[in-house]
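One structure below.
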Amino acid sequence: MVEPNAVGGWDVHPEAQSTRHSRHPSRDEAVEAARALGGDVVVRGLRGEVLARHRSPAEGPGPEAVAAGRPGPAGPPPGGSPRPGMRIGQLLALSDQTDETGRLLLEDSAPEPAVRKAKRAGIAMETVPAPYQDTPSRLGGPMNVSAYEALRHDVGAILDGFAWLAEQHRAKEPQAAGAPRRLFVTSYLGVSLAHVLFHRAHNPVPAHGALPAFVASIFKASRGVFSFSVQLENDLGPDKEMTAADVMAYAEERRQLVRPETGRVCAAPTRLIERTIEAVLTGVGADPARSTLPDLVDFEMLWEFYRLQDSVGEVLSTYRVVLNQVATPELMSDPNRLLRTVVPAGPAQGRKFGDFTQSVLAHVNDAQAGLNRALGRAGNARPINLADLMGML
């Protein structure tokens, strides 16, 4: 890893280690020194954001995948040592990654330098008022019409991909018949898909210019579906029987297709959003057997990644609730007293906050190890400490 230091130069750290390997006056020199250590080189900015990735020439898609223009599945790990472990914050975050067309996965929330770079490369990001009379909550709101134009050519592959993910979920959880649960898990898998493809140890997809466009579209659509599926579960329970039209009516009534922070709205037409939900809930309008996702990813790896990520999310949510119960301004200024405080109520009632914190740290570190193991990476990632935990909340 390469990152800036406090004196204006650039430091090289071996992956998952906090000790500095070497210091250099320029970023390019630091990258070359990091390359000599072997493996991929990640360049980070002052806030930890990923500025660039330089892939090891010894790793990458096999010749058949390169010839086909597509990354292949994970396959068996190559000989020798596995790739270094990654910390959980790295595994669960994306920043400036792009698909094969050069479009940013995060589109409107990518780091500003990445957005400027994409614009300089000619990637269209035109914003227009949403014309959708059938979803009044979006009508007139700013939408990225270029994002929709980019995905509409891959609608068949996108719908088939969602149907395949939903089919795999049904095989894992045949008892999960309710629409909220099925939408939650399928969209979670769709988001996790990109993380697995970028971070797996063998045959990872390069961070820029290689991810199939339809996979990027599944990722983007999944983020939108996930946001309202969480609220759907909270409001109606995981087992609620609903049609795709019911789900759309719910999303419209609660303005779930509008981003509260910015007012930006989902760019896909209402009929396409409903078709996507229908493909997840019933498979109608799609064919999982036609999907090429199983050629790109091992589902068992994807499922384990999702399962562990979800467990971390649940534990952090509980920890946030408990912290809010005990965190007065006075105690927050005295960490030792805070850790000795007995939790008065809720899921950690009667326990010292410090003991509860240790159990949460143990869970998060176990999950970090499990995520790396699922991806075929080494188990040498630096453990998460209390400061890291607070930063994840």
Side-chain angles (χ1 to χ4, degrees), residues 1-4 10-13 15-16 26-28 30-32 34-35 39-57 59-61 70-71 83-84 86-127 144 146-147 149-151 190-201 203-224 226 259 261-262 264 267 296 305 309 371 375 377 391-392:
M1 178 175 67
V2 172
E3 59 184 7
W10 293 81
D11 290 346
V12 174
H13 294 267
E15 189 71 22
S26 73
R27 172 171 152 178
D28 288 344
V31 168
E32 288 305 310
R35 282 182 183 274
D40 290 3
V41 176
V42 179
V43 182
R44 296 191 174 276
L46 289 169
R47 298 183 301 276
E49 72 274 23
V50 175
L51 302 178
R53 291 180 185 271
H54 301 272
R55 300 187 64 249
S56 167
E59 296 178 316
R70 297 290 196 199
R83 296 180 74 195
M86 296 174 67
R87 304 194 81 205
I88 198 164
Q90 297 170 299
L91 290 169
L92 302 184
L94 297 175
S95 58
D96 64 344
Q97 288 86 348
T98 61
D99 66 15
E100 62 190 350
T101 70
R103 296 200 70 83
L104 289 158
L105 263 71
L106 298 184
E107 295 274 17
D108 302 324
S109 58
E112 187 56 35
V115 174
R116 291 197 298 267
K117 182 178 179 181
K119 289 180 178 178
R120 287 197 301 270
I123 303 301
M125 296 184 183
E126 183 184 5
T127 298
N144 187 341
S146 301
E149 289 298 321
L151 72 82
V191 172
S192 299
L193 179 63
H195 295 264
V196 168
L197 290 173
F198 285 130
H199 297 320
R200 65 192 182 192
N203 200 14
V205 176
H208 302 106
L211 186 74
F214 86 95
V215 176
S217 294
I218 288 174
F219 169 81
K220 295 171 188 178
S222 293
R223 292 179 76 211
F226 179 80
R259 186 178 296 176
E261 304 86 1
T262 63
R264 294 181 75 88
L296 300 174
F305 189 94
Q309 182 178 1
L371 288 165
L375 296 173
R377 306 185 75 100
M392 294 168 68

NE2 (His208) and CG (Asp96) are apart, to the nearest 0.5 Å, by 3.5 Å

Evaluate the criterion side chain to side chain contact (heavy atoms under 4.5 Å, CB included) for residue pair Leu104 and Met125; output intermediate values, then yes/no.
CA-CA 10 Å; Leu104 289 158; Met125 296 184 183; 3.9 Å; yes

Mark yes or no for whether Arg103, through its side chain, and Ala124, through its backbone, hold a donor-acceptor pair below 3.5 Å.
yes

Tightest non-hydrogen contact, residues Phe198 and Leu211, listed as CZ-CD2, 4.1 Å

Any chance you could measure Arg264, atom CZ, to Asn144, atom CG, to the nearest 0.5 Å?
5.5 Å

Roughly how far apart are Ser109 OG and Arg259 CZ, rounded to 0.5 Å?
5.5 Å

Return the CZ to CG distance between Phe219 and Leu197, rounded to the nearest 0.5 Å.
11.5 Å

Start with the C-alpha distance between Ile88 and Met392, add both sets of side-chain angles, then the distance that settles side chain to side chain contact (heavy atoms under 4.5 Å, CB included), and finish with yes or no.
CA-CA 10 Å; Ile88 198 164; Met392 294 168 68; 3.7 Å; yes

What closest approach, in Å, do Ala93 and Gly89 show between heavy atoms, and which atom pair accounts for it?
CB-O, 3.1 Å

Measure from the side-chain N and O atoms of His195 to the backbone N and O of Leu94, and report whether any donor-acceptor pair falls under 3.5 Å.
no

Spell out, as yes or no, whether a donor-acceptor pair under 3.5 Å connects the side chain of Arg83 to the backbone of Leu375.
no

Hey, could you give me the CZ/CG distance between Phe305 and Leu193, rounded to the nearest 0.5 Å?
10.5 Å

Ala213 backbone acceptor or donor facing Glu100 side chain under 3.5 Å:
yes

Closest heavy-atom pair, Arg200 versus Arg377, reported as atoms and distance to 0.1 Å, is O-NH1, 4.1 Å

Between Pro111 and Ser95, what is the shortest heavy-atom contact and its length?
CD-O, 3.4 Å

Mind checking the CZ-CD spacing from Arg223 to Glu107? Nearest 0.5 Å is all I need.
9.5 Å

